[in-house]
Student: 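Here it is, the structure, as structure tokens.
Note that the structure is predicted; figures quoted are calculated from it, not measured. Counting begins at 1 with the first residue of the sequence.
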Amino acid sequence: MRAWRETFDAHWHEIADRDNARTRRMFRYYRCVCAGAFRARSLQLWQVVYSLGRPGRYDAPR
């Protein structure tokens, strides 16, 4: 999330004419809150894989 925020800030000038300062603050706040929650381990990411006709167990690559 922090890298995403840094990239967003680095490229803000490319979209600044379409979005206003309030939108920028909202996205920055959202990303900072999520990054803090992940870091504090109070937020987790779950991904579910559904497969049709695949017998057995699915082991996700990491």
Side-chain angles (χ1 to χ4, degrees):
M1 294 301 286
R2 290 184 304 179
W4 189 16
R5 180 183 51 85
E6 290 168 5
T7 302
F8 178 77
D9 287 343
H11 294 276
W12 172 254
H13 66 279
E14 296 172 15
I15 60 170
D17 58 332
R18 290 182 289 162
D19 293 317
N20 57 24
R22 181 178 182 268
T23 302
R24 182 181 187 190
R25 285 193 311 270
M26 179 179 63
F27 277 111
R28 291 191 84 235
Y29 176 77
Y30 169 75
R31 289 183 181 104
C32 289
V33 167
C34 288
F38 278 121
R39 188 174 176 101
R41 298 195 185 272
S42 64
L43 183 66
Q44 297 180 11
L45 173 65
W46 291 84
Q47 294 179 329
V48 179
V49 177
Y50 294 100
S51 60
L52 183 61
R54 182 181 173 99
R57 178 179 157 170
Y58 174 78
D59 291 316
R62 294 190 181 235

Student: Just jot down the side chain to side chain contact (heavy atoms under 4.5 Å, CB included) partners of His11, sequence neighbours excluded, or say none.
Tutor: Thr7, Glu14
Student: Which pairs with one or both residues in residues 19-30 pass salt bridge (charged side-chain N to carboxylate O under 4.0 Å, His left out), sequence neighbours excluded?
Tutor: Asp9-Arg24, Asp9-Arg28
Student: Tell me, please, which residues at least two apart from Arg39 pass side chain to side chain contact (heavy atoms under 4.5 Å, CB included).
Tutor: Arg2
Student: Can you list everything that forms a side chain to side chain contact (heavy atoms under 4.5 Å, CB included) with Asp17? Sequence neighbours excluded, please.
Tutor: none
Student: Can you name the residues that form a side chain to side chain contact (heavy atoms under 4.5 Å, CB included) with Cys32, not counting sequence neighbours?
Tutor: Arg5
Student: Should side-chain heavy atoms under 4.5 Å link Ile, Leu, Val, Met, Phe, Trp and Tyr, which residues sit in the same cluster as Phe8?
Tutor: Trp12, Ile15, Met26, Phe27
Student: Show which residues join Val33 in its hydrophobic cluster (side-chain heavy-atom contacts under 4.5 Å, direct or indirect), or state none.
Tutor: Tyr29
